[in-house]
Amino acid sequence: MPTVFIAMPLRRFTGGQATVQVPGATLREVVENLEVSFPGVKARLVDEDDPDKLPPGLSAIVDGEATVLGLRQPLEPDSEVHFLPAIAGGADAP
Amino acid sequence: MTQAPIAKAHVRCELNGQPVEFLADQHMSLLEALREVLDMTGTKEGCNDGNCGACTVTMDGRIVDSCLVLAPEADGRRLETIEGVAPPGGLHPLQQAFLEEAALQCGICTPGFLVAAKALLEREPAADEHRIRHWLAGNLCRCTGYDKIVRAVLRAEAEQPKPRARRSGTA
Amino acid sequence: MTSKTEPKRKFRVVGTRPIRHDGWDKVLGRAAYGADVKLPGLVHGAVLRSPHAHARIVKIDTAKAEKAPGVLAVMTAADMPVAASQVLDLGEEVTNATYASDRVMARAKAVYNGHPVAAVAAVDLNTALEALTLIDVVYEVLTPVVTIEQAMAPGAPLVHDDLVGDDIGERVEHTNVAEHIRYEVGDPEAGFAEASTIVELECRLSRAHQGYIEPQTATAFWSQDGKLTVWTSTQASFGQRDALAGVLMRPVSSIKVVPMEIGGGFGGKIGIYLEPLAAVLSRKCGRPVKLVMERRAVFDATGPAPGGIVRVKMGVDDKGLITAATADIRYGAGAYPGAQINPASVCVFASYRIANARVDGYDIVINLSKTSAYRAPGAPQATFATETVVDEICRRIGMDPAEFRLLNASKEGDRRVDGPAFPRIGNVEVVEAIKGSAHYRSKLGPASSPAKKRGRGMASGFWQGIGGKSTVTISVNNDGVVSLIEGSVDIGGTRASIAMQAAEVLGIAAEDVHPSVVDTDSIGHTDLTAGSRTTYATGAAAIKAAEQVVEEMKNRAALAWETDAGNVRFEDGVFSNAVAKGQRLTFKELSGKLGATGGQISTTGVVNLRGSGGGSFAAHLVDVEVDTETGKVEILRYTAAQDAGKAVHPAYVEGQMEGGAVQGIGWALNEEYVVGDDGVMQNASFLDYRMPTTLDVPTIETIIVEVPNERHPFGVRGIGETGIVPPMPAISNALRDALGVRLTELPMKPGRIMAALKAQAAS
Amino acid sequence: MHPFRYVAASSIDEAVAVLREHGARARCLAGGTDILVQLRGGRYELDALVDVKGVPEASAMRLGRAGLDIGAAVPCYRIYEDAKVAAAYPGIVDAASLIGGIQIQSRASLGGNLCNAAPSADGIGPLLVHDATVVIAGPTGTRTVPVDGFCTAPGSTVLDDDELVVSVHVPRPPTRFGAAYERFIPRNEMDIAIVGVASSLVLDRSGKRIESARIALASVAPTPIVASKAAASLIGEPPSEEAFRAAGEIAAGEASPIDDMRGTIDQRRDLVRVLTRRTLALAAQRASAGAAR
């Protein structure tokens, strides 16, 4: 089952756990299942206006590569998922 | 602020081998006149205060920062800009060397470097690396780290036609 | 010099050094940059800027300026739509639209010196400049927040009353700390307990400007039909279109951005500055309006790299293995959040395998212009601390700095501090390249006079880069030459590096690909020219488009030969029929037959690459000579090794490495923002900002290392940025070697070196 | 920029007439490398700019028995490209060859450097140690003043609004004279002196004692200054490292530097010590070499 690496701001939802194994064939399923175990975490991982998107500024790294499919990203049974701030290499804001 | 408008200066000069006559505000820089009045936009503005060399042109054979020359000062003078560096239909050996040595990246400083380097080659055809670096210290480049520019000037120097061998300026 | 690490596929075009396609225009002075735009009816504008770093705008009276002869339009923030405080997701950047709008023209408060407060369009530039003096602005001057310490002090004045900070997921109100992030792996405290040697340094970093020679420019024409066209020197034509749409509250499709040639960017020409102002002025006066920034404003009011304070602590065991490391990174973002603390945090320890690490990053707003990306944004400052700490550790434990780096190098499969594991990377290989260099094996030699001392220093660096979306269109002409249309603006030779990748696939010469960079209406979405992505990602799109061309041309050959497409082979630019000897057509010959086999071929390659493929590592070695009586530093010799994956055009790879190293030398020795308590930059000119001249740097010796990138068909890695990361610590390490003192503050200018020598003598 | 008239004067009288007409709102233009930057930066505004490059006295350079006359508008390159001048006036040539880059040297003049009156002026220190005087023209004719005292404050000089500098007179140096100018800049070109020191000395017949000496300092006071005590300390001393070091120490005391973006008080005093010693050593070397010829 996929392994989710929990970023620091979210570890208070997981009781400090840095990695958790969560079932799911897509990123969305993983997020839903995370929510079951760790209520409140979903709100940090899903855009409030668009349930298919990650919140602005957050990216999901699946097996070392950023997803371009948002929460629709399919996962392998042994996938590794990181939710990380989007790195705009060379980009700036605002 | 309210004063009678000042008449424009009437400037006659030689630009890249051709006689040119134009009107410019008396306070206008030669750089602005070249770019805005004469449509010679190859000369670039980088700082407008004489510290980057992007606007280098020659005036009576000497390199100057055209931002620090007033347009009316050009009256009666002989000017050369980047547009006058190449012979018709060809390239100056320096231009060819810049291309072959990858001596430019963004290219904004390139016209200034070429005009300055050409003046050096004409005065000191065997300048060594230190002299080239010294001569070009008034031209800033932020992309290349300078080395490829210096290599290009050395290459153009080495390849420049020997006197009498060939007409200079044809690559 | 290129160090090969393994046998690779044979390339015909990739790896050669053709003359770049846009070179002729650039050496002849014909290339049109932003300021060179000429349009019918064009008028000129000028911008009035706040002389105060922090001031409430009580009143702006533009009546006199509006009536001045020759003035066509005057604007203030009142002429801009009130952008909702929504989050703008601009693909590569996420920003608050209110801040994005406020940054380009102050509404209620000027929050940095040079903040635009009004703009004028007039018949000529001087008339516009003179009209600025007729605008009365009443300011209520507020106390500026200039330093990190001031910003974080209890009861500090607030740059933004409404800023809500994020402290590792917790909301914080009334703060100047926009964000505090943390990454943690393993147990740092336990790791330090295992260490036999621990070194900790606090480094202070200066703000540093990209220093592109071409100032920002923008020309806009807002037509009566609602269409806005903007000609500008930008690294991100699509990004600018989207940002303009957000700030002007217009549909993206009503805006066309035409990217002009760009006179250097280095990250500083991604965001919008003058574009919305030119647009609004144009709307008001009905004519195209051109704005060119003055050099002083470029320093005052565009985004340099952030300065800040970085503390790094590292422990090693008695074998020299790193047991733990922590970093505390505090960057001054300028007047709006976004100081690149995240890439800084990712990069700070990237060169090392560290099981126990913690990184804290703080994004802090202060009353200076908002910082922007600058070549490997965030990484050089943080890495300065890491690499100087590593050097101190090597000295304490008596280990060769290259050996230490090889022993502790991050490799494929090792995890970065933010979690993901590295794919195949060239970290070890670049250190080995330095170790094997003639420079490394050379003797330092005696100093040139008794007052001078010599030293040598080494440092590593990393930049991750990005992937992203690129579109390339290829059309085959009947003479065998192809035109290649791309959306990636070309700052340093990428027309060539992209065309060469297409040529490689097509089996034709680089010169037979004619690349053009076009506007946002003329090509599919293409992300910015930044993040070391252009040769990598747009190159991948070009390869894809070229492969489609080859496939389609195989079909055409099959048609011509009345054979099955499966029988057509394509090799070295020649199509041949596997089942009919003698049936062969060169690319050029077949191009001439396209009209009769279904018409000319055009293809489009679109990629959206999910990352850079591991990034590019570098190691640099530098020899310095210091005049101990004046503190002046001469760079005697400099060698840079970097992993390019596969160097498409080696001369331009060297050019990126050389340029990055020289920018780093400038940042190391002299470049800085000297800012007074009033928040005003005192050295805002090329004279006093002191970028290196030709006489200040030696030849930069380059070693291109090629560890193929598994995510690119040819193994290409983005290489534009890493080169600026190692120079500053390498020079600090060399100075430590020469003088026995550790310089921890940038720039390491003569006065600072002398002060350090005096402190050393006193102790 | 406030629009102004450009007047190309062809005689001193013509230049003075324009200056009289506009008072403080007119100035002279020589190389333009300072004044155009200042006008564009809004430091002040003018109604007229009088180009004096066409004034014969201002554009001539003459090396005669009495010394060297350098027209106020003579650009730097004409000074350092003249082999005779270079041999006779080494301190001045040092300065002329390092003001700005080559482009600036095509235009910038010592007269302009004087009138700009920057504390950091590279050209003024060497004129001071060469005992130069300034020839000033005004409505009532010409007057001559020493360079020492010509600048009165940053950007200010003894010139009246209707006066202009015509030329600088540098007396012919005595035998066994040597001079040198060095400045400290963080870059190697295109920079403003953090400190500049000009030194000159005359050796006695034996070449073993210093007969007279002059030292001038830039960027350590509101105007370039003469370090007279430091110079006096050298009289009768041998031209030795020790004497030069002692003079440097005294010169550091005569400096009254400030902290600014380019350097600190401490750094500047240290640099005065170092550069005084170095320029004196070079001046002594040049004096000996000259005597040997």
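So that the names make sense, note that chain A is the first sequence line, chain B the second, and so on, each numbered from 1. Quantities reported herein were computed from a predicted structural model and do not represent experimental measurements.
Rounded to the nearest 0.5 angstrom, Glu45(B) CD and Glu294(C) CD are separated by 8.5 Å. Rounding to the nearest 0.5 Å places SG of Cys106(B) at 10.0 Å from CG of Asp490(C). Leu99(B) contributes atom CG, which lies 5.0 Å from atom CD1 of Ile19(C) (distance to the nearest 0.5 angstrom). With rounding to the nearest 0.5 angstrom, the OG1 atom of Thr694(C) is 8.5 Å from the CD1 atom of Ile149(B). Distance check, rounded to the nearest 0.5 Å: CE of Met28(B) to CG of Asn126(C) gives 8.0 Å. Going from atom OG1 of Thr110(B) over to atom CG of Asp25(C) covers 12.0 Å, rounded to the nearest 0.5 Å.
Between Cys141(B) and Ile213(C) the shortest side-chain heavy-atom distance does not fall below 4.5 Å. Taking 4.5 Å as the limit, some side-chain heavy atom of Thr699(C) sits within range of a side-chain heavy atom of Arg151(B).
In this structure, Lys148(B) pairs ionically with Glu658(C), as a charged nitrogen and a carboxylate oxygen lie closer than 4.0 Å. Look at Lys38(C) and Asp39(B) and you find a salt bridge, because one of the NZ, NE, NH1 or NH2 atoms lies within 4.0 Å of a carboxylate O, short of that distance.
Side chain of Arg295(C) to main chain of Asn51(B): no donor-acceptor pair is present (N/O by atom type, distance under 3.5 Å, no hydrogens or angles). Remark: side-chain polar atoms of Glu214(C) are not paired, donor with acceptor, to backbone N or O of Gly46(B) under 3.5 angstrom. For the pair Arg20(C) (side chain) and Gln105(B) (backbone), a donor-acceptor distance under 3.5 Å is present.
The most heavy-atom pairs under 4.5 Å with chain C, out of Glu100(B), His130(B), Glu36(B), Glu32(B), come from Glu36(B). Counting heavy-atom pairs under 4.5 Å between each of His649(C), Arg296(C), Gln210(C) and chain B puts Gln210(C) at the top. Most heavy-atom pairs under 4.5 Å with chain B, from the set Ser685(C), Ala35(C), Gly493(C), Ala496(C): that is Ala35(C). Of the listed residues (Ala661(C), Gly666(C), Gly211(C)), the one with the most heavy-atom contacts under 4.5 Å to chain B is Gly211(C). The candidate with the highest count of non-hydrogen atom pairs below 4.5 Å against chain C, out of Asn139(B), Leu136(B), Thr81(B), Leu140(B), is Leu140(B). Of the listed residues His134(B), Glu83(B), Arg35(B), the one with more heavy-atom pairs under 4.5 angstrom with chain C than any other is Arg35(B).
In terms of heavy-atom proximity, Gly145(B) sits nearest to Val662(C) at CA-CG2, 3.5 Å. Taking all atoms of both residues into account, the shortest heavy-atom contact from Arg142(B) to Tyr212(C) is CG-N, 4.2 Å. The two residues Gly90(B) and Leu28(C) have their closest heavy-atom pair at O-CD2, 4.4 Å. Shortest non-hydrogen contact noted between Cys47(B) and Phe686(C) is CB-CD1, 3.6 Å. The shortest non-hydrogen separation linking Tyr33(C) to Lys44(B) is CD1-NZ, 3.5 Å. Residue Gln95(B) comes nearest to Val27(C) through the heavy atom pair NE2-O, 2.9 Å, listed as atom of the first residue, atom of the second, then distance.
The parts of Gln663(C) that come within reach of chain B are both its backbone and its side chain, each placing non-hydrogen atoms under 4.5 angstrom from that chain. With a 4.5 Å cut-off on non-hydrogen atoms, Ala31(C) touches chain B through its backbone but not through its side chain. Contacts between Ala137(B) and chain C at a heavy-atom distance below 4.5 Å involve backbone atoms as well as side-chain atoms. Using a 4.5 Å cut-off between heavy atoms, Pro692(C) touches chain B through backbone and side chain atoms alike. Contact annotation for Lys64(C): neither backbone nor side-chain heavy atoms come within less than 4.5 Å of a heavy atom of chain B. When heavy atoms are compared at a cutoff of 4.5 Å, Leu104(B) approaches chain C by way of both its backbone and its side chain. For chain B, the nearby part of Ile262(C) is the backbone; its heavy atoms alone come within less than 4.5 Å. Heavy-atom distances place the side chain of His44(C), and not its backbone, under 4.5 Å from chain B. Neither the backbone nor the side chain of Asn48(B) comes within contact range of chain C; no heavy atoms are under 4.5 Å apart.
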Stepwise, does the side chain to side chain donor-acceptor pair (under 3.5 Å) test hold for Arg133(B) with Thr693(C)? CA-CA 8 Å; Arg133(B) 285 185 179 270; Thr693(C) 71; over 6 Å; no
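In this structure, a donor-acceptor pair under 3.5 Å is absent between the side chains of Thr41(B) and Arg30(C).
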